[in-house]
There are 2 protein chains.
Amino acid sequence: MGLTKSEIFTDTQNQIASLAKVIGHPARVAIIQHLLKLNSCICGDLVDEIGLAQPTISQHLKELKNIGLIEGNIEGTSVCYCINPNKFDEVKKMFIEFFGQKSCIKDGCC
Amino acid sequence: MGLTKSEIFTDTQNQIASLAKVIGHPARVAIIQHLLKLNSCICGDLVDEIGLAQPTISQHLKELKNIGLIEGNIEGTSVCYCINPNKFDEVKKMFIEFFGQKSCIKDGCC
DNA sequence: TATATTCATCGTAATATTGCAATATATAAA
DNA sequence: TTTATATATTGCAATATTACGATGAATATA
């Protein structure tokens, strides 16, 4: 059906999945990496940096904005994007907590 | 088009995205959490535990197997699944490295 | 004001994902 | 061998995602 049954899962499970889903595209990974590297923010040379059309990049930026991971600031005709440090730390913590659990002890079936 | 242009991204970017994409569904998050909680492995009571039909769970398990995050072991008519600790640690490290970078210093445009 | 530049939005085609019923497969038990 | 049980696979419908051309909105410059 293409429609995820979010109702049957916990808030935490849905949150982790939503965040992971947004990171689950190489263009968005590339955008995050680029914004992290150039500490001061970056505008639409992301379009040149990454090899996708401008509307496509704009769409990916929108998804990153939707979960609050990045922010945009209008500067003349261009828009300057950067990481939202608070949200970034929050997401980081969420993943560390998810993965931080001890991994399966070898006393099971495999 | 619905088709990701993987060619234009680095291996690392594609890897991170692929892993995140698999985690980007609450059912798969729930499966991982459940397998982590019950240290010894678990079979298809995942179907009862999570509220999705058996073929759907089977499909999600397949995706988790594909990236090597879980393993299945046939035990009679049932199959016992568990986390692959090595792969789990590898994935953990990859995410920590990705998020581990210092977050954007507040000297940019936003 | 007219034009150029930058970015967002809309519309759309191609493909992917989600979920399930039906069915196949494999093993255990009778 | 037959039947029951557990899981995988297939096929399909509904929806989501990806990518881009065309266009719109906003600001800067001539």
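Within every chain, numbering begins at 1; the chains are lettered A, B, ... in the order of the sequence lines, protein sequences first and strands thereafter.
- Counted within 6.0 Å of CD1 on B/Ile74, heavy atoms from surrounding residues, nucleotides or ligands total 12 or fewer; the atom is thus considered open.
- Across the protein-nucleic acid pair, A/Ile70 atom CD1 and C/dA8 atom P stand 9 Å apart, rounded to whole Å.
- For B/Glu97 (side chain) and B/Met94 (main-chain N/O), no donor-acceptor pair under 3.5 Å exists by modelled atom type.
- Phosphate proximity of D/dA8 to B/Tyr81: present, with a side-chain N or O under 4.0 Å from OP1 or OP2.
- Contact between the side-chain N/O atoms of B/Lys5 and the OP1/OP2 oxygens of D/dC20 is found at a separation under 4.0 Å.
- Remark on DNA chain C: of its neighbouring residues A/Phe9 and B/Leu3, the 5'-side contact belongs to B/Leu3, judged by nearest-heavy-atom nucleotide.
- The side chain of B/Ala53 lies closest to C/dC20, out of C/dC20, D/dA8, C/dT9.
- Using the six-membered ring where Trp is involved, B/Phe95 and A/Phe99 have ring planes that are parallel, under 30° apart on the 30 and 60° scheme.
- The distance between atom CD of A/Glu63 and atom C1' of D/dA19, rounded to the nearest whole Å, is 12 Å.
- Atoms CG (A/Asp45) and P (C/dT5) sit 16 Å apart, rounded to a whole Å.
- Of the two residues near DNA chain D, B/Thr77 and A/Thr4, the one whose nearest nucleotide lies more 5' is B/Thr77.
- Listed pair B/His25 / C/dG19 meets the phosphate criterion, a side-chain N or O lying under 4.0 Å from OP1 or OP2.
- Considering only side-chain N and O atoms, A/Ser58 lies nowhere under 4.0 angstrom from the phosphate OP1 or OP2 of C/dC7.
- Side-chain atoms of A/Gln59 lie closest to D/dA19 of the nucleotides D/dA19, D/dA28, C/dC20.
- One can find a donor-acceptor pair under 3.5 Å joining the base of C/dA8 and the side-chain atoms of A/Gln54.
- In the set C/dT9, D/dT18, C/dA8, C/dT9 carries the atom at the smallest distance from any side-chain atom of A/Lys62.
- Checking the phosphate oxygens (OP1, OP2) of D/dT17, no side-chain nitrogen or oxygen of A/His60 falls inside 4.0 Å.
- When the C1' atom of D/dT5 is taken as reference, atom CD of B/Glu75 falls 15 Å away, rounded to whole Å.
- Remark: the backbone N or O of B/Leu69 is not paired with any side-chain donor or acceptor of B/Asn84 at under 3.5 angstrom.
- In terms of position along DNA chain C, the nucleotide closest to A/Leu61 lies nearer the 5' end than the nucleotide closest to the other residue of the pair B/Ala27 and A/Leu61.
- When the C1' atom of D/dA6 is taken as reference, atom CD1 of B/Ile74 falls 11 Å away, rounded to whole Å.
- Contact annotation: B/Lys21 does not reach the phosphate of C/dA16 (side-chain N/O to OP1 or OP2, under 4.0 Å).
- Atom CD in B/Glu71 sits about 18 Å away from atom C1' in D/dT7, given to the nearest Å.
- If you check every strand for non-hydrogen atoms under 4.0 Å, A/Leu52 touches sugar and phosphate atoms only.
- For the pair B/Glu63 and B/Arg28, the salt-bridge criterion is met [side-chain N within less than 4.0 Å of a carboxylate O].
- Along DNA chain D, the nucleotide nearest to A/Gly76 and the one nearest to A/Gly51 differ in position, and the one closer to the 5' end is contacted by A/Gly51.
- The side chain of B/Pro55 sits closest to C/dC20 out of D/dT27, C/dC20, D/dA19.
- In this structure, the nucleotide among C/dA14, C/dT9, C/dT6 sitting nearest to the side chain of A/Ser78 is C/dT6.
- D/dA16 atom P lies 15 Å from atom CG of A/Asn66, rounded to whole Å.
- Straight-line distance from the CD1 atom of A/Ile57 to the P atom of C/dT6: 16 Å, rounded to whole Å.
- The pair B/Glu90-B/Lys93 fails the salt-bridge criterion, with no side-chain N (NZ, NE, NH1 or NH2) lying under 4.0 Å from an Asp/Glu carboxylate O.
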